[in-house]
Chemist: 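For reference, the structure I am asking about is given below.
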Amino acid sequence: MKIDKIYMAEALKEAKRAFELNEVAVGAVIVSKRRIIARAHNQTKMLKDPTAHAEMIALTQAANFLKSERLLSCALYVTIEPCPMCAGAMVWARIKRLVFGAADPKAGACGSLMDILGEKRLNHRVSVTKGVLAEECGSLISEFFQKQRALGKK
C-alpha cells in the first residue's frame with residue numbers, strides 16, 4: 001500500500017538519526033487514525049538502557065499521547081523486524097498492526113526466528129505486513145554494521 005511506504009519512510013528518517021548518533025540504525029513511528037503520534041529511534045547507548053529500542057520508546061510515547069496502555073487503534077512501522085522484547089511489548093499494548101521493512105533472521109520475533117505476534121496461546125495477535133521498503137531498510141542497517149566493523153566495534 002502506498003500509505004505504508006509513506007509511514008515507513010518516516011521510520012527510515014528515525015533510523016537515519018540513530019545511525020548519525022552511532023546507535024543501531026532502527027527507527028519506528030506509530031500511527032493512529034492516519035496521524036503519526038509517536039516517533040523514535042534506538043537509544044540504547046545514549047540512555048545506557050538495553051530496553052531503549054525504537055519500538056519500546058515509540059510505544060511509551062503513543063501510550064502517553066493516548067493516555068492509555070492499550071494501543072488498539074494503532075499501527076507500528078519499524079525499519080527492522082522486532083526482537084522478542086519489542087514483539088512482546090506490542091502484544092501487551094494490544095497494537096492492531098505491525099509493518100516492518102527488513103527481516104531479521106538472527107533475532108526477528110515476527111516470523112523469522114519465532115512468531116510472538118501470531119502465537120495463538122497469547123491473548124492478543126497482531127496483524128503483520130512484512131517487507132515494506134525492505135531494501136532501503138536493510139541497506140541502512142547493513143551499512144551501519146559495516147561501519148562498526150571497520151571501526152573495530154561489534
Side-chain angles (χ1 to χ4, degrees), residues 4 6-32 36-71 74-119 122 124 126 128-154:
D4 285 346
I6 291 169
Y7 292 131
M8 188 60 72
E10 292 299 313
L12 265 167
K13 288 179 186 176
E14 289 296 320
K16 289 173 184 172
R17 286 189 181 107
F19 186 103
E20 291 165 5
L21 296 168
N22 204 34
E23 296 277 1
V24 176
V26 178
V29 299
I30 295 181
V31 176
S32 177
I36 295 174
I37 63 168
R39 53 177 68 237
H41 55 272
N42 276 9
Q43 297 180 45
T44 58
K45 289 181 182 182
M46 183 179 74
L47 298 176
K48 309 284 185 271
D49 179 356
T51 70
H53 291 197
E55 302 96 320
M56 300 295 282
I57 294 167
L59 287 168
T60 298
Q61 289 175 359
N64 286 332
F65 180 87
L66 294 174
K67 297 178 177 37
S68 175
E69 74 280 9
R70 301 286 184 243
L71 306 178
C74 296
L76 189 150
Y77 291 79
V78 63
T79 55
I80 304 299
E81 180 180 0
C83 72
M85 174 184 67
C86 294
M90 283 182 251
V91 170
W92 303 137
R94 310 295 196 273
I95 284 281
K96 182 175 184 176
R97 181 171 180 240
L98 166 69
V99 180
F100 71 82
D104 183 352
K106 291 183 180 179
C110 305
S112 289
L113 183 63
M114 60 187 75
D115 188 12
I116 291 172
L117 300 185
E119 176 55 59
L122 295 174
H124 179 75
V126 178
V128 178
T129 301
K130 304 174 183 185
V132 176
L133 299 183
E135 188 174 317
E136 294 93 327
C137 295
S139 292
L140 184 63
I141 196 105
S142 293
E143 183 183 345
F144 172 80
F145 284 115
Q146 286 170 358
K147 177 184 162 192
Q148 294 300 302
R149 283 190 292 278
L151 295 171
K153 299 176 183 175
K154 300 225 174 204

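Residue indices begin at 1 and follow the sequence shown.
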Chemist: Tell me the closest heavy-atom pair linking A134 and A102, and the distance in Å.
Modeler: O-CB, 3.9 Å
Chemist: Under the rule for side chain to side chain contact (heavy atoms under 4.5 Å, CB included), what residues qualify as partners of A93, not counting sequence neighbours?
Modeler: L59, L71, I95
Chemist: Nearest heavy-atom pair of V132 and M8: which atoms, and what distance?
Modeler: O-CG, 3.6 Å
Chemist: Atom CG of L117 and atom CG of L76: how far apart are they, to the nearest 0.5 Å?
Modeler: 10.0 Å
Chemist: For K13, give me all partners under side-chain hydrogen bond (donor to acceptor under 3.5 Å, both in side chains), at least two apart in sequence or on another chain.
Modeler: E10
Chemist: Working to the nearest 0.5 Å, report the span between CD of E23 and CZ of R17.
Modeler: 14.0 Å
Chemist: Could I get the full list of side-chain hydrogen bond (donor to acceptor under 3.5 Å, both in side chains) partners for S142, not counting sequence neighbours?
Modeler: none
Chemist: Under the salt bridge (charged side-chain N to carboxylate O under 4.0 Å, His left out) test, which residues partner D104, sequence neighbours left out?
Modeler: none
Chemist: Report the C-alpha distance between H53 and V24 in whole Å, list the side-chain angles of each, state the deciding distance to 0.1 Å, and finish with yes or no for side-chain contact (heavy atoms from CB on, under 4.5 Å).
Modeler: CA-CA 9 Å; H53 291 197; V24 176; over 6 Å; no
Chemist: Mind checking ring-ring contact (aromatic ring centres under 6.0 Å, His included) for Y77 and listing every partner two or more places apart, or none if nothing turns up?
Modeler: Y7
Chemist: Rounded to the nearest 0.5 Å, what separates atom OG in S68 from atom CZ in R94?
Modeler: 10.5 Å
Chemist: What heavy-atom pair brings E81 and G111 nearest, and what distance separates the two atoms?
Modeler: OE2-N, 3.2 Å
Chemist: In Å, rounded to the nearest 0.5 Å, how long is the span from CG of N22 to CE of M46?
Modeler: 12.5 Å
Chemist: For the backbone of G27 and the side chain of T79, can you confirm whether one donor and one acceptor N or O come within less than 3.5 Å of each other?
Modeler: yes
Chemist: For a quick test of reading the model, state the closest non-hydrogen atom pair linking A52 to L47 and the distance between them.
Modeler: CB-CD1, 3.9 Å
Chemist: To the nearest 0.5 Å, tell me how far L21 CG sits from K45 NZ.
Modeler: 10.5 Å
Chemist: For residues 78-116, pull every pair meeting ring-ring contact (aromatic ring centres under 6.0 Å, His included), keeping only residues two or more places apart or in separate chains.
Modeler: none
Chemist: Are V91 and I116 close enough, and set up right, to give a side-chain contact (heavy atoms from CB on, under 4.5 Å), and what steps lead you there?
Modeler: CA-CA 8 Å; V91 170; I116 291 172; 4.2 Å; yes
Chemist: Assess whether side-chain contact (heavy atoms from CB on, under 4.5 Å) is satisfied between L66 and C74, documenting all intermediate values.
Modeler: CA-CA 10 Å; L66 294 174; C74 296; 3.6 Å; yes
Chemist: Measure across C86 and M56 and return the closest heavy-atom pair with its distance rounded to 0.1 Å.
Modeler: SG-CG, 3.7 Å
Chemist: Can you name the residues that form a side-chain hydrogen bond (donor to acceptor under 3.5 Å, both in side chains) with H41, not counting sequence neighbours?
Modeler: E14
Chemist: Which pair of non-hydrogen atoms, one from L133 and one from A9, has the smallest distance, and what is that distance?
Modeler: CD1-N, 3.9 Å
Chemist: With sequence neighbours excluded, tell me which residues meet side-chain hydrogen bond (donor to acceptor under 3.5 Å, both in side chains) with D115.
Modeler: none
Chemist: Under the salt bridge (charged side-chain N to carboxylate O under 4.0 Å, His left out) test, which residues partner R97, sequence neighbours left out?
Modeler: D4
Chemist: Go through the structure and list residues passing side chain to side chain contact (heavy atoms under 4.5 Å, CB included) with T51, not counting sequence neighbours.
Modeler: D49, M85
Chemist: Atom NZ of K106 and atom SG of C83: how far apart are they, to the nearest 0.5 Å?
Modeler: 15.0 Å
Chemist: I'd like to know if the side chain of N42 reaches the main chain of A25, judged simply by a donor and an acceptor atom lying under 3.5 Å from each other, with no hydrogens or angles considered.
Modeler: no
Chemist: Residues two or more places apart in sequence or in another chain: which of them pass side chain to side chain contact (heavy atoms under 4.5 Å, CB included) with A58?
Modeler: A28, I30, A38, A40
Chemist: Using only atom types and a distance under 3.5 Å, with no angle test, would you say the side chain of E55 pairs donor to acceptor with the backbone of A87?
Modeler: no
